[in-house]
Amino acid sequence: MPELPEVEVVRRGVAEHVAGRTVAEVEVLHPRAVRRHVPGADDFATRLVGRCLTAARRRGKYLWIELGDGTLPDGEALVAHLGMSGQLLVQPPGAPDEKHLRVRFRFADGGPELRFVDQRTFGGLHLAELVEVGGLAVPKPIEHIACDPLEPVFDVEELAGRLRSRRTSIKRALLDQSLVSGIGNIYADEALWRAKLHWARPTATLTRPKVRELFAAVTEVMQDALRAGGTSFDALYVNVNGESGYFDRSLAVYGRAGQPCSRCGAPIRRDPFMNRSSYTCPVCQPKPRNAHL
DNA sequence: CTCATGCCCTGCTGGC
DNA sequence: TGCCAGCAGGGCATGA
């Protein structure tokens, strides 16, 4: 469930509690958590020891921590993706192991540990070289990830052009991380509701002003969620201190099948979509005649 | 190149 | 009470 706002909450926690500290020991308790680190778990652990975690960065749903000697970056980063159920937690040494603890980082200062906990193991950690993309240093494996709506370099006019040349539905496009990143099922549905667009609307039929309106809604719903500390339905998504956000109380459509639309009172509808669900208000977001199903 | 689909994984929920 | 199907879903491989 972690989408952009949830990952940003975690990034801020990492920046506050971990940045500037030197790794003393890395323990990989489940190899699947580092499967994207091709040289293997031992290499992952060995290469981190003695290095400083300098700065926490984010693009879309990806989080990375620049590595360095002292405070200067050395061109490599520890990349994290939370997947469905991943958590980065800051815990005092000696705190009992979480049931799904996958990787533990101990630090030279003897202070709190950084732990990667992941029930479903869709997420993971790996080391990667930083490369320059559009003037920004990003990990090489995520070069193909588009910038997200909260980045200063985000260009809605360029995106509108790309959307209009696509032959797909607006929701598929919103979820395509190579087009725009950070949007998952929750914020796609919420932004579409705010912009009064149906998920099956063909991207090619969107006017430029409508694309601007949609991305204003995307930005707004993400900033609202960020202020609430993110969205969580259970204890799966938490910040580095293990606390849940409360944006789920502000959701207009997601997970609200049968409940009244806060704008018009019509019961919210759930449609199967890509082996998942899409939630819409049937009155505010009527299905277009030329729906791209 | 573009677009769509299936798989990975675990735990919870609801139906019988 | 117990069992099992269905659901949650981001990203990537694969195929059309």
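Naming convention: chains lettered A, B, ... in sequence-line order (proteins, then strands); numbering from 1 in each chain.
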message: If the cut-off is 4.0 Å, is A/S277 near the phosphate of C/dA8, judged by side-chain N/O to OP1 or OP2?
response: yes

task: May I ask you to evaluate whether A/Q177 reaches the phosphate of C/dG11, defined as a side-chain N or O under 4.0 Å from OP1 or OP2?
output: yes

- request: Return no unless some side-chain N or O of A/R35 is found under 4.0 Å from OP1 or OP2 of B/dC8.
  value: no

task: Decide salt bridge (Lys or Arg N to Asp or Glu O under 4.0 Å) for A/D148 and A/K61; before the verdict, give the C-alpha distance in whole Å, the side-chain angles of both, and the deciding distance to 0.1 Å.
output: CA-CA 9 Å; A/D148 68 57; A/K61 304 170 196 173; over 6 Å; no

statement: Nearest heavy-atom contact between A/P282 and A/I268 is CD-CA, 4.5 Å

query: Hey, does the side chain of A/H292 come within less than 4.0 Å of B/dA4's phosphate (OP1/OP2), counting only N and O?
result: yes

message: For A/F154 and A/F215, I'd like to know if the aromatic rings sit close, meaning centre-to-centre distance below 6.0 Å.
response: yes

- line: Note: for A/R276 and A/T168 on DNA chain B, the residue whose nearest nucleotide lies more 5' is A/T168

message: Expressed as a whole number of angstroms, how long is the span from A/L179:CG to C/dG10:P?
response: 16 Å

query: At under 4.0 Å between heavy atoms, what does A/N275 touch on the DNA or RNA strands: base, sugar-phosphate, or nothing?
result: sugar-phosphate

- prompt: Hey, are the side chains of A/Y279 and A/L251 touching, using non-hydrogen atoms and a 4.5 Å cut-off?
  reply: no

- request: Nearest whole angstrom, please: distance from the C1' of C/dG6 to the CZ of A/R270.
  value: 10 Å

- prompt: Starting at NZ of A/K61 and ending at C1' of C/dG11, how long is that distance when rounded to a whole Å?
  reply: 9 Å

- prompt: Taking OP1 and OP2 of C/dG10, is either one under 4.0 Å from a side-chain nitrogen or oxygen of A/H81?
  reply: no

message: Looking at A/K99, I'd like to know whether one of its side-chain N or O atoms comes within less than 4.0 Å of OP1 or OP2 on B/dT10.
response: no

message: Students often get this wrong, so: under 4.0 angstrom with heavy atoms, is A/H30 touching a base, only sugar-phosphate, or nothing?
response: nothing

task: State the pairing partner of C/dT1; accept Watson-Crick or G-U wobble contacts with both distances under 3.5 Å, and report none otherwise.
output: none

task: Could you check how far CH2 of A/W199 sits from P of B/dA4, rounded to whole Å?
output: 11 Å

message: At 4.0 Å (heavy atoms only), tell me whether A/R162 reaches a base, stays on the sugar-phosphate, or touches nothing.
response: nothing

task: Check if the side chain of A/R120 and the base of C/dA8 share a donor-acceptor pair of N or O atoms closer than 3.5 Å.
output: yes

query: Tell me: CG of A/L163 to C1' of B/dC3, nearest whole Å?
result: 15 Å

- request: Determine, stepwise, if the pair A/M222 / A/E220 fulfils side-chain contact (heavy atoms from CB on, under 4.5 Å).
  value: CA-CA 5 Å; A/M222 286 183 166; A/E220 188 186 73; over 6 Å; no

field: A/R115 and its side-chain hydrogen bond (donor to acceptor under 3.5 Å, both in side chains) partner, picked from A/E27, A/Q87, A/Q91, A/E98
entry: A/E98

field: Distance in angstrom units between A/D189 CG and C/dG10 C1', rounded
entry: 15 Å

- prompt: How long is the line joining CG of A/D118 and P of B/dC9, in whole Å?
  reply: 12 Å

message: Using the side-chain heavy atoms of A/R166, tell me which of these nucleotides is nearest: C/dG10, B/dC3, C/dA8.
response: B/dC3

message: The side chain of A/F122 is closest to which nucleotide in this list: C/dG10, B/dC3, C/dG11?
response: C/dG10

message: In whole Å, I'd like the distance from the CG atom of A/N185 to the P atom of C/dA8.
response: 8 Å

message: Please classify the nucleic acid contact of A/F273 as base, sugar-phosphate, or nothing, using heavy-atom distances under 4.0 Å.
response: nothing

- request: For A/R36, answer base if it contacts any base atom (sugar-phosphate contacts may also be present), sugar-phosphate if it contacts only those atoms, and nothing otherwise; contact means non-hydrogen atoms under 4.0 Å.
  value: sugar-phosphate

